[in-house]
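Here's the structure we're looking at; comments come further down.
This structure is a prediction, so every number in the text was calculated from the model and none was measured. Naming convention: chains lettered A, B, ... in sequence-line order (proteins, then strands); numbering from 1 in each chain.
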Number of protein chains: 2
Amino acid sequence: MSDTISTIRSDFITLMGQMVESHGLSPISGRIMGLLIFDGEARSFSDLATELGVSRGSISANARLLVARGSIMKENRPGDRQDYFRISDQSFDVMLQTLMQRMLDMSGRVRELSDRLPADDAEGDGPRRRLGGLSQFYAAMALGMRQAQDHLTGDE
Amino acid sequence: MSDTISTIRSDFITLMGQMVESHGLSPISGRIMGLLIFDGEARSFSDLATELGVSRGSISANARLLVARGSIMKENRPGDRQDYFRISDQSFDVMLQTLMQRMLDMSGRVRELSDRLPADDAEGDGPRRRLGGLSQFYAAMALGMRQAQDHLTGDE
DNA sequence: ATTTTTGTTCAGTTCGAATTGAACGCAGAT
DNA sequence: ATCTGCGTTCAATTCGAACTGAACAAAAAT
């Protein structure tokens, strides 16, 4: 079988590169996260560029973004000028939080519009009600994610 | 104030064009849905092209996709060869279902990889555990969306 | 028969996000 | 002082998804 650990590792990194697009991140950001999740320990800036086969410029930009989000952490070691990165304990939570925030934003924006609409005429059915429904939809999604969050942090 | 209904309608359509990107749809698909949600009633193929200011080719492709997803419905009227479209009652549910399915897929794909990994050595901490955690993460997201679904269909 | 209306198809174009790569500044080593 | 290694920056490039628009087929109207 070709099921060596390094094959799985490589597959996982590729998979992460694809999956994170639904989180609004670039492929390289996903692959960085994938590599750091798999390895667990801290890896150097150069390692990332070499192992992922991408330019240092890309590592710089993407790593900075991931650090800002709280998905990964930058470490600096005395006597070593290289930057090291490791996956953050909250990396999953950050993903969840980000998605949840986006849902709340959408809910709010739709609610703003629906609130400016005059009351629907006749028996309930009108634009205001429909937009209100969409706003509720996003609010329910956000709530569902909060429950997912509770579920994940609860039994640990 | 410039808060005429048509302004709000236009803003909502624009907003939908932006929001649906997180659902993996194109801007035009979102604007079609936005227009149909706002108006509630059925609109003709030509109306959509004219009001949204896009090519008929785009309407054709995007409307077909939305019909296939179950987000909108095509109507044909006797003695009128135009196609009419209206928002589907399940349009919100389809969005939810789609996202939930994606989460389940991700959970499964990560699980596949983690299952091929040898048991972690030492005290629990290893790649297998971390990938397992990610798989659980996506599973929890899917569960959260099911709860959102229940929440939405429950109190109506 | 011819013209018009309607939706589909697909080759070409547009557009922007992602990535590259070279220039740069900084800091330690020689 | 010079050189080397490290990370940042930004102009240029790549690449693909989204969109266009013209050609087309089908069906009704003239």
Side-chain angles (χ1 to χ4, degrees), chain A residues 13-36 42-69 71-86 98 102, chain B residues 13-36 42-69 71-86 98 102:
Chain A
I13 292 173
T14 299
L15 180 60
M16 283 295 289
Q18 299 165 351
M19 292 197 309
V20 294
E21 290 176 33
S22 57
H23 298 266
L25 296 176
S26 69
I28 290 190
S29 283
R31 288 164 64 199
I32 292 175
M33 288 192 63
L35 190 154
L36 295 179
R43 307 302 309 266
S44 75
F45 186 99
S46 309
D47 279 355
L48 295 179
T50 302
E51 291 203 40
L52 298 180
V54 300
S55 69
R56 287 179 300 152
S58 288
I59 298 296
S60 176
N62 285 280
R64 176 153 36 93
L65 171 71
L66 291 173
V67 167
R69 283 173 53 113
S71 295
I72 69 176
M73 298 176 59
K74 177 154 79 168
E75 292 181 4
N76 284 297
R77 303 175 179 182
D80 188 342
R81 339 190 244 129
Q82 279 192 97
D83 290 349
Y84 288 81
F85 300 95
R86 82 164 60 238
T98 303
R102 194 164 8 164
Chain B
I13 291 173
T14 299
L15 179 61
M16 282 295 289
Q18 298 164 351
M19 292 196 309
V20 293
E21 289 176 35
S22 57
H23 298 267
L25 296 176
S26 68
I28 289 191
S29 283
R31 287 164 64 199
I32 291 175
M33 287 190 63
L35 190 154
L36 294 180
R43 306 303 308 268
S44 75
F45 185 99
S46 307
D47 278 355
L48 295 180
T50 302
E51 291 203 43
L52 298 179
V54 300
S55 71
R56 287 178 300 154
S58 288
I59 297 296
S60 175
N62 285 280
R64 176 152 37 92
L65 171 71
L66 291 173
V67 167
R69 284 173 52 113
S71 295
I72 69 177
M73 298 175 60
K74 176 153 81 169
E75 292 181 4
N76 285 297
R77 303 176 179 179
D80 188 342
R81 25 193 206 111
Q82 278 193 99
D83 291 347
Y84 287 80
F85 299 94
R86 80 164 62 239
T98 303
R102 195 164 6 163

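- In this model, a side-chain donor or acceptor of B:Arg81 finds a partner on the base of C:dT5 within 3.5 Å.
- When all heavy atoms of A:Arg102 and A:Gly24 are compared, the pair lying nearest together is NH2-N, 4.3 Å.
- Between A:Lys74 atom NZ and A:Tyr84 atom OH the span is 13.5 Å, to the nearest 0.5 Å.
- Interface residues of residues 20-34 of chain B facing DNA chain D, ordered by number: B:Ser26, B:Pro27, B:Ile28; criterion, heavy-atom separation under 4.0 Å.
- To the nearest 0.5 Å, atoms CG (B:Leu65) and OG (B:Ser60) are separated by 11.0 Å.
- Regarding A:Asp80, its CG atom lies at a distance of 13 Å from the C1' atom of C:dA27, rounded to whole Å.
- With values rounded to the nearest 0.5 angstrom, A:Ser29 atom OG is found 10.0 Å from A:Met16 atom CE.
- Shown are B:Asn62, B:Val54, B:Leu36; of these, the side-chain contact (heavy atoms from CB on, under 4.5 Å) with B:Arg31 is made only by B:Val54.
- Taking atom CG on B:Asp83 and atom P on C:dT5, their separation rounds to 17 Å, with Å as the unit.
- A:Gln18 pairs by the side chain to side chain contact (heavy atoms under 4.5 Å, CB included) definition with A:Thr14, A:Leu15, B:Arg109, not counting sequence neighbours.
- In this structure, the CZ atom of B:Arg77 is 12 Å from the P atom of C:dG7, given to the nearest Å.
- Partners of A:Ala49 under the side chain to side chain contact (heavy atoms under 4.5 Å, CB included) rule, at least two apart in sequence or in another chain, are A:Arg56, A:Ile59.
- In this structure, B:Ile32 and B:Phe85 have side chains that are not in contact, with every pair of non-hydrogen atoms separated by 4.5 Å or more.
- Taking a 4.0 Å limit (strictly below) on heavy-atom distances, residues 45-66 of chain A reaches DNA chain D at A:Phe45, A:Ser46, A:Arg56, A:Gly57, A:Ser60, A:Arg64.
- Side chains of A:Glu51 and A:Ile13 form no contact here, defined as non-hydrogen atoms less than 4.5 Å apart.
- The minimum heavy-atom distance linking A:Glu21 with A:Pro27 is given by the pair OE2-CG, 4.1 Å.
- Taking a heavy-atom distance under 4.0 Å as the criterion, the stretch of DNA chain D touched by chain A extends 5' to 3' from D:dG5 to D:dT9.
- Between atom NE2 of residue A:His23 and atom CE of residue A:Met33 there is a gap of 8.5 Å, rounded to the nearest 0.5 Å.
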Output field dot_bracket for DNA chain D (Watson-Crick or G-U, both distances under 3.5 Å, | for other-strand pairs) contains ||||||||||||||||||||||||||||||
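- The line from CZ of B:Arg43 to CD of B:Gln82 is 11.0 Å long, rounded to the nearest 0.5 Å.
- We find that CD of A:Gln82 is positioned 15 Å from P of C:dG28, with the value rounded to whole Å.
- Distance CG/B:Leu25 to OG/B:Ser71: 7.0 Å, rounded to 0.5 Å.
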